Amino acid sequence: LDLRDLILWGTIRSERRIKASFAAGQDLMNKSLVWPASDLRHYAGKQLQDVEATNGICWTVDTIIGKKEGIVLPARGDYELFFRVKPFTRIEKNNFICEVYEKDNSGNKKELAQWKNSPADFSQIDAFQSTSVRFTSHTQNPISFEFQSFIPSKGSLLLDTIFIQSLTN
């Protein structure tokens, strides 16, 4: 095997260009994929202070709790979206939903994953609890996530920090 004849790119790249390309990729991979719930796009609800929340700030809920669109992931692969919720009442099955999706160039929505609560989720009342949903991104299209609540009483839970972690090495 003669590595001198190995071709990685279709064009000749200078050492400077290879380093710049690598640095840009590293910057994208190191980009924070963490959002406080108050930074999401909201239709209702309000920001509240809670000493147990990350940075002391969280969001009360209404039907569409919040969404974040246009997230550029560092690479294709497997990911996990984590979120923290503090219920003030028991949440019935399938009354709290998290969807992760992407839109193609035509704006068509393609679901990557959906999580619906079960009776075992959020078993502790008046305490923040974490849960997650796993998804795979097969394209470089930006992804979005959205939280929905079908709980009859407004303000019956708080949403805290959301973050995405790569599961691909």
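Keep in mind the model is a prediction, meaning the values are calculated, not measured. If you read the sequence from its start, that first residue is 1, and numbering goes on from there.
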Is there side-chain contact between [X] and [Y], with at least one heavy-atom pair below 4.5 Å?
X: Ile57; Y: Gln47; answer: yes
X: Thr60; Y: Leu158; answer: yes
X: Thr136; Y: His138; answer: yes
X: Ile162; Y: Lys68; answer: no
X: Leu112; Y: Glu102; answer: yes
X: Leu33; Y: Pro74; answer: yes
X: Thr131; Y: Val85; answer: no
X: Phe135; Y: Ile164; answer: yes

Let me confirm one number: the [atom1]-[atom2] distance from [X] to [Y], rounded to the nearest 0.5 Å.
X: Ile125; Y: Phe88; atom1: CD1; atom2: CZ; result: 10.0 Å
X: Asn108; Y: Tyr101; atom1: CG; atom2: OH; result: 13.0 Å
X: Lys110; Y: Thr139; atom1: NZ; atom2: OG1; result: 6.5 Å
X: Leu159; Y: Leu48; atom1: CG; atom2: CG; result: 11.5 Å
X: Glu69; Y: Phe145; atom1: CD; atom2: CZ; result: 10.5 Å
X: Asn55; Y: Asp50; atom1: CG; atom2: CG; result: 12.5 Å

Work out which heavy atom in [X] is nearest to a heavy atom in [Y]; give both atom names and the distance.
X: Arg134; Y: Glu80; value: NE-OE1, 3.4 Å
X: Ser144; Y: Gly70; value: OG-N, 3.5 Å
X: Ser132; Y: Trp115; value: O-CD1, 3.7 Å
X: Ala53; Y: Asp160; value: CA-OD2, 3.4 Å

Mind checking what makes side chain to side chain contact (heavy atoms under 4.5 Å, CB included) contact with Gln114, not counting sequence neighbours?
->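 Once residues adjacent in sequence are excluded, the partners of Gln114 under the side chain to side chain contact (heavy atoms under 4.5 Å, CB included) criterion are Ile97, Glu99, Glu111, Lys116.
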Kindly write out the residues that satisfy side chain to side chain contact (heavy atoms under 4.5 Å, CB included) with Arg90, not counting sequence neighbours, or none if the list is empty.
->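 Counting only residues at least two positions away or on another chain, Arg90 forms a side chain to side chain contact (heavy atoms under 4.5 Å, CB included) with Glu92.
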Under the 3.5 angstrom rule, does the side chain of [X] hit a backbone N or O of [Y] as a donor-acceptor pair?
X: Asn117; Y: Phe96; result: yes
X: Arg84; Y: Ser130; result: no
X: Gln124; Y: Gln129; result: no

Describe, in one word, how the ring planes of Phe163 and Phe82 are oriented to each other, choosing from parallel (under 30°), tilted (30 to 60°) and perpendicular (over 60°).
->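 It falls in the parallel class, under 30°.
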Criterion side-chain contact (heavy atoms from CB on, under 4.5 Å) on Lys86 and Asp126, from CA distance to verdict | CA-CA 6 Å; Lys86 182 178 188 175; Asp126 199 23; 3.1 Å; yes
Step-by-step side-chain contact (heavy atoms from CB on, under 4.5 Å) determination, Asp121 to Ile91 = CA-CA 8 Å; Asp121 295 313; Ile91 301 172; over 6 Å; no
May I ask whether Phe128 and Leu157 are part of the same hydrophobic cluster, defined by side-chain heavy atoms of I, L, V, M, F, W, Y residues being less than 4.5 angstrom apart, directly or through others?
->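 Different clusters.
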Can we call the ring centroids of Phe147 and Trp59 under 6.0 Å apart?
->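 No, the ring centres sit 6.0 Å or more apart.
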